[in-house]
Amino acid sequence: MVNLAIIGGGPAGYTAAELAAKAGLSVLLFEKEALGGTCLNLGCIPTKTLLYSAKQFHNALHADKYGVTAENVSFNYAKIVQRKTKIVRKLVAGIKAKLQDCTVIQGEATILSRTTDKVVIACANELYEAERLLICTGSDNFVPPIPGIADNPAVWSSTDALAATELPDSITIIGGGVIGMEFATLYMELGVHVTVVEALPNILPNIDHDIIDQLRSKYEKAGVTFITSARVQAIEGNTVRFRRTDATDDESLQADKILVSVGRRAHLPCLDNLPELRLERGTIVVNEHMQTNLSNIYAAGDVTGKIMLAHVASRQAQVAVNHILGNTDEMHYDAIPSVIYTNPEIACVGLSETDALLNANAVIRKLPMTFSGRFMAENEGENGLCKLIFDNQTQTILGVHMLGNPCSEFVAVAAMAIETKQTVSQLEKLIFPHPTVSEILKEIV
Ligand code: NAD
């Protein structure tokens, strides 16, 4: 019997396996597809790789802004996709290497039985026993019940879009959330005609309104069409039929491809033999130690339905392993940075302006990113934005919201300030390297 069995080898599963093995536990990790999960194989890494190529092309096309002449700029999309595949392969190999002290079993694991001191799991015709189980089975693309989606060759999921080796001339993206906007960025920069249809009044519903206004107007100038407050009614071939909230008639839109990106849903393993496991709205309920209501069963990552981000999953995995090892640790969700890889990119952490305004003591400060010399040097024609929210009474930092490259690279400073309850004057005294875009965090206080 091993100390810990883990189902799922994504950021939660592989992080937990590595940490537990390093601490001396015997670990079994079950993975039915490739190690690395959605993030590495079908999400974060492949999209960022494609987006980087698109950014290179876009920068070369607009090099004259920086006094550089680049003629006959072109790209080879098949090569861009090949590079993405190579990078994913290398990173998967890197994870395999990190898991040398664990036993990795390739196949779909089924939970057969559970008592307070033992869990029995079947995989590829073998039986395995573990003292504890950590479920990290992730999430799947949600397919909405829109007539005409199933078996329609014009319809893409994000997985289909990543696998395609040719670009469409035009694309309709259903859902202006994170996935929709990152693909809109990729296609826009590579010259595809993009239309985004979003059910809510604006794209990226949870992002700061000033950031969205600036980003949306930039994308519109670049030729992207946004149809908001519009719900898709049906898809017929490559035509999307939608209805605006205040309208009584449908309108339609035609494009070569239709990308459906309307969210993800937790992927539960078969739980027939664990009827007592507590679930809520299709996710596994966990406490602050990532422990379920069954004392030797833990869950981490998208399957817990908390915040579907790889860095949340890996931190949850760390908390679960620490609890199993008897170390003090608990999961908090107040200072989780989130980044959206549009161009310019968006990075946020902490309380939003809307939530802060419910608190009478909140102070909101805004500054264009152009207050940073490095930003000016490298972002010709861009304004960007940094918004700081702090408590007027305690002076503690509550939220930071930014638009401008490369804010993803220093949002962790703001996350640390929020997590450790730093005040504005403490942030002011911190020494930032000059010239960097990160200095905006000092300028704004
Ligand atoms: P999402 O929830 O971010 O966005 C889905 C959007 O689709 C919403 O704006 C919703 O209003 C809209 N929508 C739903 N039904 C619709 C309909 N019928 N017609 C038109 N619009 C409709 O979901 P996502 O973009 O699919 O992303 C899934 C998850 O993956 C999220 O949790 C996200 O945080 C995560 N993710 C994160 C990153 C990142 O961190 N950079 C990148 C990609 C995905």
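Each ligand, and each atom within it, is numbered from 1 in the order the structure gives.
- The salt bridge (charged side-chain N to carboxylate O under 4.0 Å, His left out) test applied to K48 returns E182, not counting sequence neighbours.
- Of the polar atoms of G263, at least one N or O is found under 3.5 Å from an N or O of ligand 1, judged by distance alone.
- Residue contact check for ligand 1: P144 places no non-hydrogen atom closer than 4.0 Å to it.
- The closest protein non-hydrogen atom to atom 8 (C) of ligand 1 is E198 OE1, 3.5 Å.
- For the pair H289 (side chain) and D329 (backbone), a donor-acceptor distance under 3.5 Å is present.
- Distance from atom 30 (O) of ligand 1 to its nearest protein heavy atom, with residue and atom name: R264 CD, 3.8 Å.
- In terms of protein heavy-atom proximity, atom 4 (O) of ligand 1 is nearest to G177 CA, 3.2 Å.
- Qualifying salt bridge (charged side-chain N to carboxylate O under 4.0 Å, His left out) partners for E280, counting only residues two or more places apart in sequence or in other chains: R278.
- Looking only at distances, no side-chain donor or acceptor of K96 sits under 3.5 Å from a matching main-chain atom of V104.
- In terms of protein heavy-atom proximity, atom 16 (C) of ligand 1 is nearest to V262 CG1, 3.6 Å.
- Note that CE of M308 and SG of C39 are 14.0 Å apart. Values are rounded to the nearest 0.5 Å.
- Residue V197 approaches ligand 1 through these ligand atoms, each under 4.0 Å from one of its heavy atoms: 20 (C), 21 (N).
- Counted by atom type alone, T423 and Q426 present one or more donor-acceptor pairs between their side chains at under 3.5 Å.
- A side-chain donor-acceptor contact under 3.5 Å links Y219 to the backbone of N343.
- Counting only heavy atoms of the protein, atom 7 (O) of ligand 1 lies nearest to G175 CA, 3.3 Å.
- The nearest heavy-atom contact from the protein to atom 35 (C) of ligand 1 is M308 O, 3.5 Å.
- At distances below 3.5 Å, not a single donor-acceptor pair connects side-chain atoms of E251 with backbone N or O atoms of R243.
- Close approach of ligand 1 to Y341 (heavy-atom distance below 4.0 Å) involves ligand atoms 41 (N).
- Here atom 36 (N) of ligand 1 lies nearest to V178 when heavy atoms of I203, V178, N202, I173 are compared.
- In this structure, a donor-acceptor pair under 3.5 Å is absent between the side chains of Q214 and N383.
- Nearest protein heavy-atom contact of atom 21 (N) of ligand 1 is A199 N, 3.1 Å.
- Below 4.0 Å from some heavy atom of P205 lie the following atoms of ligand 1, by number and element: 9 (O).
- In this structure, S261 has a heavy atom closer than 4.0 Å to ligand 1.
- Remark: ligand 1 and I179 share an N or O pair separated by less than 3.5 Å (distance only, no angle test).
- Evaluated for a side chain to side chain contact (heavy atoms under 4.5 Å, CB included) with L19, the options L325, V27, V321 yield exactly one hit, V321.
- A side chain to side chain contact (heavy atoms under 4.5 Å, CB included) with F30 is found for one member of C123, P269, C136 and no other, namely C123.
- Counting atoms of ligand 1 from 1 in the listed order, those under 4.0 Å from a heavy atom of L200 are 11 (O).
- S252 places no side-chain N or O within 3.5 Å of a backbone atom of T239 that could act as its donor or acceptor partner.
- Close approach of ligand 1 to L309 is summarised as follows: ligand atoms under 4.0 Å from at least one heavy atom of the residue are 34 (O), 37 (C), 40 (O).
- When non-hydrogen atoms are compared, ligand 1 lies under 4.0 Å from the side chain of I174 (C-beta onward) but not from its backbone.
- In terms of protein heavy-atom proximity, atom 39 (C) of ligand 1 is closest to V339 O, 3.4 Å.
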